[in-house]
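We name chains A, B, ... by the order of the sequence lines, and we start the count at 1 in each one. All heavy atoms count here, side chains included; hydrogens, waters and symmetry mates do not.
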Number of protein chains: 2
Amino acid sequence: MAATIFDVAKRAGVSIGTVSRVVNNRDRVHPDTRERVLKAIRELDYHANALARGLASQETATLGLVIPQVNDPFFFQVVRGVEEAASAANYALLIASQSRLTASEHRYLHLFRRGHVDAMVLASIEVHVHEVQEIMRQGIPIVLVQLDIGKNIPTFLADNYSGGRGIAEHLVLEHHYRRVAFITGTNHTPDSRERLRALRDVLEENNLDLPAHYIVQGDYLRDSGYQAMQQLLNLSERPEAVFAANDQMAIDAMMAIRERGLRIPEDIAVVGFDDIPMASYVSPPLTTVHQPVYELGWHAAHMALEIINSDQAMIAPRKMLLPTSPVIRRSCGC
Amino acid sequence: MAATIFDVAKRAGVSIGTVSRVVNNRDRVHPDTRERVLKAIRELDYHANALARGLASQETATLGLVIPQVNDPFFFQVVRGVEEAASAANYALLIASQSRLTASEHRYLHLFRRGHVDAMVLASIEVHVHEVQEIMRQGIPIVLVQLDIGKNIPTFLADNYSGGRGIAEHLVLEHHYRRVAFITGTNHTPDSRERLRALRDVLEENNLDLPAHYIVQGDYLRDSGYQAMQQLLNLSERPEAVFAANDQMAIDAMMAIRERGLRIPEDIAVVGFDDIPMASYVSPPLTTVHQPVYELGWHAAHMALEIINSDQAMIAPRKMLLPTSPVIRRSCGC
DNA sequence: TGATACAATGAAAACGCTTTGATATAATGT
DNA sequence: ACATTATATCAAAGCGTTTTCATTGTATCA
């Protein structure tokens, strides 16, 4: 059995209150006493029980993170960011992934609510505003990542619009492409929508058209980029450039293009979004937009901890856009 | 404030003991009473406090996972496997990553030992046998993943040797390459060592030589494959095939080869190990060995839970090799 | 009908800590 | 010298559960 605070107290010849004070550096303790206590702690290899501590102090020093149940390295970066921020503050990290099965019942929310965590970070999951608000009402701060449900909840998002604009302007202004197509993401999510809006705006500003048949539906996953590209290639007037809502699809689109015997970027230019590791390895290397994924996680965790330690008073800005930056490689024609 | 067991008890007109029994389905409770209690629970939206429960029952229903602090999608798969096994058993998952900074003091071990978790899974981290044994002695089962320190600790490993043999035999027996080089991993880790041993054995069995200058040191990371390949290309007698200890380096080696104006696989064949997502996207697609990463995580977690529920009695086999399988693509010459 | 078993519940003792209020001792001021 | 104030410590009351033991009420048996 591991040593308890009583064992330490007995060995040091003090009360458990004093041991607690030494351990937590609270109040003042006579130097001699402190030394005796520390010695006893060392000798017994004492470590305060986290559960008991949490129960007594109503603070668990634990952060909860919920991520979607997808096989996407993308989220690993979020996890890293959150983990690093948490562990820097000496917080533990409790992770739950939202599986397709339990999406409806949101088990993890219960899991976490049971006094397990001091705050939660929700990343890209499906969740209703009510649930979030309900949890916040119970005093558990929540920070959202890549998940915009408005309603005055602290949220960290990548600036999809300006990233989209950056890459769109590159295509239109630098390369002078006039026929640009877009491959959307799943159900046309807000992310995908923003990126499309950026493209549309840039084209409009330059008096260019974005016909409906140049917008093809994809689902962010591998195959869909290929399929979507097929459609575009079958058009009587092929686009000169294709903007895919993410790199995965862009890379797949490239395969479809090559299979037709066309060259990239000479015949058709391709750009993506995300800047996944693979993007720099395909040939030609994919021009894309870098997403600050790690940073999103880090900032979100950081803010969550901040809210905890600030009595959850008003933490000013409710929605933070983190900058995205175009990564110009070769697939755009550069 | 969230409702406690007292609130429920009062509302249902019973004692807290009865509520506890209903919640945990322990002992028998009169159907009518149970109904009343359940009703109260529903009305108050009661959820038992995990900390209090853990403290009283000495079980946290939480699994601890420690992963290295590297930016490697590889580990994300381990996490997924562990998470899925844990959540299937209604266990929460506590994650800590071993940062370079804290590697020496192993903070997470303390973090977890403080009664936080019922068992731990350690994946690919640097850790001393003593520490592990110390923790096990305190009654916390540990399962290792991709981390072989012997000593009767349950361990899940990918079968590096047989995977290495598979790919080596493919190179030697099918393609009849005679001059095969090897690029090692960091500090020549056990993994890398096993893969090399496999190659060496296969070559030997076929009366082929593996000269020292055909074994070049890498470090598993991006650049090192490139550097190592340079060395090999500068040799007076270039190898016909290169076996890199992981895909990352193999892909980098391919770049080095192409930069010299040589063709893959015509001039030099390249094979890797891991089967990372990128492997199928490079051109030519990389022949490699698939690692059951997700499965490693899943099995490890599963075993950890099994040990918990079996009174930690003898769980038979101490070291489990999970099969790896060659994935033949194009870079080998097929 | 009285003794006996069983079912259903309650009361209270852990679990290991934090934190408050009380107490004893030492230092300071008059 | 005595009252006052700081300082250092202790004792005990939570925190929200689980779990054991005791108690009551009801059905079963001789």
For this session: Please work out if A:Val23 contacts a base, only the sugar-phosphate, or nothing of the nucleic acid, heavy-atom cut-off 4.0 Å.
Result: nothing
Problem set entry | Value in whole Å for how far the P atom of C:dT18 lies from CZ of A:Arg21 | 11 Å
Exercise. To the nearest angstrom, how far is B:Ile41 atom CD1 from D:dT17 atom P?
Worked result: 10 Å
Seminar exercise, completed: Separation between CG (A:Asp159) and CD (A:Gln291), nearest 0.5 Å, reads 10.0 Å
Exercise. How far apart are the closest heavy atoms of A:Ile125 and A:Ile67, and which atoms are they?
Worked result: CG2-C, 3.7 Å
For this session: Check whether any side-chain N or O of B:Ser57 sits under 4.0 Å from OP1 or OP2 of D:dT18, and answer yes or no.
Result: no
Problem set entry | Nearest-Å distance for atom pair CG/P, residues B:Asp27 and D:dA22 | 16 Å
Problem set entry | From D:dC15, D:dA11, D:dA8, nucleotide with atom closest to A:Thr33 side chain | D:dA8
Exercise. Under 4.0 Å between a side-chain N or O of B:Asn24 and OP1 or OP2 of D:dT18?
Worked result: yes
For this session: Would you mind telling me which of D:dT9, C:dC17, C:dA8 lies closest to the side-chain atoms of B:His30?
Result: C:dA8
For this session: Report the relative orientation of the aromatic rings in A:His299 and A:Phe156; use parallel for angles under 30°, tilted for 30 to 60°, perpendicular for over 60°.
Result: parallel
Exercise. How do B:Val29 and B:Ala52 order along DNA chain C: which one's closest nucleotide is nearer the 5' end?
Worked result: B:Val29
Problem set entry | side-chain N/O A:Arg26 vs C:dT19 OP1/OP2, d < 4.0 Å | yes
Exercise. Hey, are A:Glu35 and A:Lys39 close enough for a salt bridge, meaning a charged N less than 4.0 Å from a carboxylate O?
Worked result: no
For this session: Taking only the side-chain nitrogens and oxygens of B:Thr4, find out if one of them lies under 4.0 Å from OP1 or OP2 of D:dG16.
Result: no
Exercise. When we call it a touch if two heavy atoms are under 4.0 Å apart, what does B:Ile16 touch: a base, just sugar-phosphate, or nothing?
Worked result: base
Problem set entry | Contact under 4.0 Å: B:Gln58 side-chain N or O vs C:dG16 OP1/OP2 | yes
Problem set entry | Length of the CZ-C1' vector between B:Arg36 and C:dT9, whole Å | 11 Å
Exercise. Within this structure, what is the CD1-to-C1' distance between B:Ile5 and C:dA12, rounded to whole angstrom?
Worked result: 14 Å
Exercise. Over how many whole Å does the gap from B:Asp7 atom CG to D:dC15 atom P extend?
Worked result: 11 Å
Problem set entry | Side chain of A:Arg28 (C-beta onward), nearest among D:dT7, C:dC17, C:dC15 | D:dT7
Exercise. Out of curiosity, B:Leu94 CG to A:Leu63 CG, how far, rounded to the nearest 0.5 Å?
Worked result: 11.0 Å
Exercise. OP1 or OP2 of C:dG10 sitting under 4.0 Å from any side-chain N/O of B:Thr18?
Worked result: yes
For this session: Can you tell me the distance, in whole Å, between the CD atom of B:Glu59 and the C1' atom of C:dC15?
Result: 13 Å
Exercise. Does the distance from a Lys or Arg side-chain N to an Asp or Glu carboxylate O, for A:Arg137 and A:Glu134, drop under 4.0 Å?
Worked result: yes
Exercise. Between A:Asn25 (CG) and C:dT18 (C1'), how many Å, whole number?
Worked result: 15 Å
For this session: Would you mind classifying the nucleic acid contact of B:Ser20 as base, sugar-phosphate or nothing, using non-hydrogen atoms under 4.0 angstrom?
Result: base
